[in-house]
Amino acid sequence: MPKQGFQPFMESPLHHFKLDAEAQARRADGRIWCNELPHLGYAVLRGDTAEAGFAQLVQQVTGLALPLQAGAVSQGPQGVLMWTSPDEWLLVSHRQRLADWTAQLDGGFAAQQLFAQTVDSSGGLTLAWLGGTEHITVLRHLGVYDFESIPLGHMVSTVLGKATVQVIRLDGDGVFVLFRRSFADYVWRLLRRAAQPYGFAVCQLEARGDHPLFAQLAAPRPSLILA
Amino acid sequence: MLVITCPYCQEAREEEEFSYAGEAYIARPAVPEEADDATWGDYVFHRKNPRGWHWEQWQHVAGCRKVFAVKRHTVTYEIAGSWTLADGKALYLKEQA
Amino acid sequence: MANRYSLWSLIKNGLKHHESWQPAWKSPQPKKQYDVIIVGGGGHGLATAYYLAKEHGIKNVAVLEKGYLGGGNTARNTTIIRSNYLWDEAAHLYEHGLKLWEGLSQDLNFNVMFSQRGVMNVGHTLQDMRDIERRANANLLNGVDAVVMTPQEIKDMVPLIDISNRARYPIMGASFQPRGGVARHDAVAWGFARGASELGVDIIEQCEVTGLIIEGGRIKGVNTSRGDIMADRVGCVAAGNSSVLAKMAGLRLPLESHPLQAFVSESMKPCIDTVVMSNAVHGYVSQSDKGELVIGAGIDSYLGYGQRGSPHVIEHTAAAIIEMFPSFSRVRMNRQWGGIVDVSPDACPIISKTRIQGLYFNCGWGTGGFKATPGSGNVFAHTIAHDDPHPLNRAFSLDRFATGHLIDEHGAAAVAH
Amino acid sequence: MSGYRIHRPGERINRQKPVSFQFDNVQYKAFSGDTLASALLANGVRLIGRSFKYGRPRGIVGFGAEEPNALIQLETGAHTVPDLKATQVELYQGLLAGSTTGYPSLDFDLKGLLGKFGRFMPPGFYYKTFMEPVKAWPVYEKYIRKAAGYGHAPVLPDPESYDHLHHHIDVLVVGGGAAGLWAATLAGRAGLKTLLVDEQAEMGGWLLTERRSRIDGLSGMDWVSQRLAELASLPNVSVLPRTTAFALHDLNLVQAVELLQDHLPLTERNAALPRQRLHKIRAHQVILASGAIERPLVFGYNDVPGVMTAAAGHSYLNRYGVAVGREVLVQTQNDAAYEAALDLAQCGVKVMLADARQGGAAAWRQQALKSAGVELLLGHGIAKVLGDKSVSGAQLVKLDGRNNQVVGSGPRLSVDTVLSSGGLTSTVHLFCHNGGRPVWNQQQLSFVCPDEGRDNIACVGAITGRWELSEALGQTHAAVAALLLGHGRGSSGNAPSVASEEVAAPRAIFRLPDGKPEGHGAKAFVDYQNDVAAADIHTAIRENYRSIEHVKRYTALGFGTDQGKLSNINGFAIAAEALGKPIAEVGTTTYRPSYTPVTFGALAGPHVGETFDVRRYTAMHASHDARKAEYEVVGQWLRPWYFPKPGEDLHAAVNRECLATRNSVGVMDASTLGKIDVKGPDAREFLNRIYSNAWSKLDPGKCRYGLMLDENGMVMDDGVTACLADDHFHMTTTTGGAARVYSWLERWHQTEWPELKVRFTTTTDHWATVAVVGPDSRQVLQKLCTDIDFDKDAFKFMDGRSGTVAGLPARVFRISFSGELAYEINVDANYGRYMWEEVMKAGAAFNITPYGTETMHVLRAEKGFIIVGQDTDGSMSPNDLAMSWAVGMKKPFSFLGKRSLLRSHTAGDGRKQLVGLLPLDPKVVLAEGAQILSNTDDTVPAAMQGHVTSSYHSAFLGRSIAMAVLKDGSKREGDTVFVWAHGKSVPAQVVSSVFVDKEGVRQHA
């Protein structure tokens, strides 16, 4: 429990752009709509799929099947689990839930003596949602990857300008762009610049009941912040 | 400009996602202390640098971060294939023999 | 010199409709036997032959070129000449070259248009400035001219440069070598070819070396596309192709051959009167006498003998130039090209005997070869003539990669070019 | 007044939209749809520039990318652009343009006077003179430079923007002429993702000019409209006009630049849109339909304003409604030029046609000309053109039928315009950019692309030497059908039907003879832009510049901004004649990108200004801004350098920050240090191999400083690594080295020791790190944290603890880069700013003082701690740094770089080693980068002993201190050396590099 008097506050990597101040309800115009999903929980999951029990434990704890195909994303109302490398995955969920999951996972790995671990990256990563009819074109302005070809339920790790990003496509509506905290300022400026010809607007993002990522937006309660 | 297939991401990607990691399968002397200065210097500095087919390493820095082997022609830039380091080594050794 | 160039020769020949000009160099059939064979008809090879004949009296020399003279990096560089290197050995070697440049047009009676407009290395960080101070002081104590400039002094000399804090990497200062500059690259090869030919050297174009003839650990000659040619001493000056030649002798070299790209703008009225280089933002620029901005890009990371690199490297360089010169954004690239540079681990050349008696290598100049052309040929000629390195290139032998006595110019801010 | 408007059916200008523009400060009127060139011609302006070498008057020769002469300066101020070709500038209301040559004026040019001595300026004359006196060269050069060059570089920052767009498609078609349109139609119908680009504002290519042919019963332009309508209806096809494919790279990566707004008046440009866009296109299949360009013939004074290509004269007439002259001589060696003559004659222009062929063109063409009243002179060629600043006539000669010789004099014609056609030259540039070679076609007299193209590159239409529309479309249909089959698609429809016509073969003549030996008669120009005349090529070869590359480089043939589009083949042919070789053997020079010039801005795209490079900020940045920090760029990071109070300069601020830290407590943002999570059963073994020191015995809860060497034995990075659990470590690296080290670990693990069970995960961004430093730091921590025991024996120096700080889970390490009692608090970076502020609150009572990198540097220097990259330069071994204590030579595994430390030179004497220096005058702060001499003798070359790597005024010691590397430094304590910078040398004493608290009492407090 927090010591009396402390009132910790969080600042997301894009905090300094004060996006909420300019956020507006999304409209179906030609513009690019974008905003950050702040304060989600992220954990890098490392493990060996050849080790019996690893995949099962992950499924059992998170309810998400361990994706084994390159770029595959498994999703559920409680979050997503993405393949990032043959022995590496990224878990994204609500901060509190993620903290619970990682505690259980690391406990389980230790108990079963698996060569596996989780690494909390909640402070180091953030997600932006990018939508609008031309949102793929915006990515095409900035990156060499064939973004039009990303299948639903997949993510690709590539470069936008000089930053490494992961682009996650869950539906046809838009994409989620994942990037590191210290690159956030650069990536945001890059996206804003590329979107200029179409018009760029910050949209309100609210927690959506069962969406694998929007659902995780529910503001962490103060007691949860401390986890 | 190069298009390289990452054997782990199982997809052809643009060069900008990778970083070149030098000649592949350079054997580090098992007991460096037993190698004389010349042998050690050869290992550290000397390279095949062929005008033709070259076994080299690339790291998918913007992707899975894995290092893998690529057989590439240094004049035409044609790529014969890319393999995990382990798979490539077998082929490489067969070629050398 | 029979066919001496001067204003009078121009007038004389002009009156004769330029019908009585003599060939700048002769193109004889290769002889069976020479005292020395130089493999590689680029600037360095031709300079080596010239100095062998001129300073060591060895005139029975053949220069073998697989293509046309000066068709390699001599034709593909950005013509920058300077000697402000960090380490004593490098500074002395390049300064020797610079001194030769200063009298070269007269020595060769061929105007290589060596223009001592100065070379400026700008610094963008506190560490850049420490490195600049270190190098400038080392230069001065080595007899190499060097000045450290403030941003305002830079602006006064190069009005189009941006010294404001708008820049992503604001300019904090620069080192400047007034005696540095640029030259007409092709002319250097032609001038040395003409000079060497005049002294009796055989210059053989379209003659590719396909093998080295070695008996009992001694070089005997070379196999070529125009037959075998014998000689007890063979000097290889093949830049990007050095490793290929070394392989013919069963040698390995500490070299990697990479593409190095460059490009020029359209021809404009004079707008930069010196050479500006920045290692931090990876771009360097000067303006040719013809009015083109001559811009060097970075080395492509991968091995490549294709004389072409990846376009994103050129794009990055264009961005770097705009970063320093925002107004050049509207200037247009007219032509781009690539060369093959042979890069050594310590960014310093190899001018060395080998374990094969009579076989010598001069390579590993990386991006720094053009500026060294006369100096390189001069000391290499000495090395071949005496079968013993010139004091200035003793430190640049192959054995440094075994002893660890590297001359690591990477330590200097001016590692590149 | 020569040129004038003529109404032409189907002209591409809009007479309803008159526009006015300025050239050289004179107002003119023209129409929307004009190019600057057509507008100038319509206004009778002929003199556009002065030539490069001789200052000869020059006018417009071509009508597109091939134009060598009409290089103009567009607009002024921030929007100015140098060297645009007037033939490619789309006219807009209020356009401002000016000539780029001519001094003092275009009309009266001094270089023009000099040019009268042109006969004394052979190719390479620069190389042959200006050598004496030596000192004079800079003066000569000053004027040579002034005389050269066309437009002026802009001096103001570019107000417009640029971007990039990446394409991954099935088929790219380059060229929107008949062949390209048909190729795109077939690919589009087959459902392939297809992109069609053309450099012009309008698709149609030669059909925009040529009006007689009927395709599938339609007029050329109606057929074009039909094609465009169909392409627009196909969702899988995009069509980009004003888009020039300028480079083709390996694996069909094509760069193309689209001019989005250059055709708009400055006031009408949309600031939200880029001026130009660089398209980077990956196409499985490239179809080159880039057509061909008509080259002129080479004859005496063929550069007088008023001499143009026949295709240009034809295009100005039909596309822009401009007759280029009133009395026109057309000189040709092929049939095509008859078309131009016919159209001009039908517009009432007095036309004469001289044909180098005895037989002339196909009978039906000759008949058509005669009935249009055109006088035909068969077997004639122009010996020289008359006139100075404008054509006034031409002297013809009779030509021999077989070898190119003069057999008699011809008429002297009085004309105001000369159009010449030397046949067509295929536009093979892109095909050759990455190694393709064109082949010589002796029937069509051009280097052409082979019909079979090459891997995934198809060549269709005139680029293959098919000049006749019927043949071009037939070959296009066949080639594309074959290609579609290769993609498993059938092609629908038949080749468009075009009536084929009888054509007489062109004559293989390039340089029209004038009856005199080359060089004796009137200058006959091959390359207008570089003033290369036919005689110059002969001279170059006479001087043994025999390789075509030598000819090019010695004479500058084809080196201009037109890239030799008009001159190359004529040049090769003349060289071939001089060498007595067939043209095919002479070959071509290398074709290099770009096909036409491209702005640097388009190449750079969005990667300029604030997005030129990544700028990385820590989570606490807002707090530093609030405290008015000055920043230092470290790698991509922006780090606080110092925190000046009002009125303080760097030194005042740093002195204050240092004293506060040593005497009470300071605080620093250490978030930028690289952090890597290292975990696995073999983690220790891995650290043993990658670090020079030993890790086997480091207990959980303990930290250790580690040195990383490269295989060459030199220090590449350092940092403190904490043991969290037996198999789990928290590694830190330098700020600048983080990415390199992370990659370094992965590469060694994956390539050399894959059997080791260990994994690395970067946590640099996850942890925000606050360093609390100074004697009072313990009390500050105690105010923030209750669940960690900070007792000096419970939580020792180099211990690490996990606990709750300011209510947050945190990793706290008691490590010190200052020699003081110090703690580093690591928390989830989302709380970084919060933690910083909490520390500031808790420290208020102790006057806690934020400090930046400069104070950090001073504090560590007082302790003799190195900074990799400042005190090392890639040539320093651990022993050189007097850090052999950090080298575990006894470790079982031969760690990276160990063997190199044993090499004769690396292990030998005379190496430079780290020492401390105390200037004898304590007020003097040595210059960083100053060199060290053993005595005051600085005669060059001086024997340098080393250099100063770090130097500061130490407020704590009240004197200056420095660190340096010095030859055999370890043995020279007590020596006096002389520190030399810019001619001044300062005596200093060699001392240990630890200046403060040698016993380390403070950090153990």
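Please read these numbers as outputs of a predicted model, since none were measured by experiment. Note on naming: letters A, B, ... go to the chains in the order of the sequence lines (proteins, then strands), and numbering restarts at 1 for each one.
- A salt bridge does not link D/E610 with D/R615: none of the charged nitrogens is closer than 4.0 Å to a carboxylate oxygen.
- Looking at C/L406, only its side chain comes within 4.5 Å of chain D, counting heavy atoms on both sides.
- Between D/H905 and C/H405, the two ring planes are parallel [angle under 30°; tilted spans 30° to 60°].
- At a 4.5 Å heavy-atom cutoff, the contact between C/D289 and chain D is made by backbone and side-chain atoms alike.
- With a 4.5 Å cut-off on non-hydrogen atoms, C/Q206 does not touch chain D at all.
- Residue C/A91 does not touch chain D at all, counting heavy-atom pairs closer than 4.5 Å.
- For chain D, the nearby part of C/K26 is the backbone; its heavy atoms alone come within less than 4.5 Å.
- For a residue to count as touching a neighbouring chain, one of its non-hydrogen atoms must lie under 4.5 Å from one of that chain's; by this rule C/E292 touches chain D with the side chain only.
- For C/I295, the part sitting under 4.5 Å from any heavy atom of chain D is the side chain, from C-beta outward, and nothing else.
- Contacts between C/L140 and chain D at a heavy-atom distance below 4.5 Å involve backbone atoms as well as side-chain atoms.
- Only the side chain of C/L293 comes within contact range of chain D, with at least one heavy atom under 4.5 Å from a heavy atom of that chain.
- With sequence neighbours excluded, the residues forming a salt bridge (charged side-chain N to carboxylate O under 4.0 Å, His left out) with D/K128 are D/E543, listed by chain and number.
- With D/Q563 contributing its side chain and C/N334 its backbone, the two residues share a donor-acceptor pair below 3.5 Å.
- Counting heavy-atom pairs closer than 4.5 Å to chain C, the top-ranked of the candidates D/R275, D/E632, D/Q255 is D/R275.
- Ring-plane geometry between C/W190 and D/Y127 is classed as perpendicular, the angle between the planes exceeding 60 degrees on a 0 to 90 degree scale with a lower cut at 30.
- Ranked by heavy-atom pairs under 4.5 Å with chain C, the list D/T939, D/T561, D/V633, D/V948 is led by D/T561.
- Interface remark: C/F114 contributes backbone atoms only to the contact with chain D (heavy atom separation under 4.5 Å).
- Contact of D/L278 with chain C is made through the side chain alone, with heavy-atom distances under 4.5 Å.
- Across D/D250, D/T872, D/N712, D/T906, the residue that shares the most heavy-atom pairs under 4.5 angstrom with chain C is D/D250.
- Proximity to chain D is limited to the side chain of C/E323, based on heavy atoms less than 4.5 angstrom apart.
- With a 4.5 Å cut-off on non-hydrogen atoms, D/W980 touches chain C through its backbone and its side chain both.
- For C/P159, there are no side chain to side chain contact (heavy atoms under 4.5 Å, CB included) partners, not counting sequence neighbours.
- Using a 30° and 60° split on the angle between ring planes, C/H316 and C/H282 fall in the tilted class, from 30° to 60°.
- When the candidates D/T80, D/T596, D/L253, D/V634 are compared by the number of heavy-atom contacts under 4.5 Å with chain C, D/T80 comes out ahead.
- With a 4.5 Å cut-off on non-hydrogen atoms, C/I322 touches chain D through its side chain but not through its backbone.
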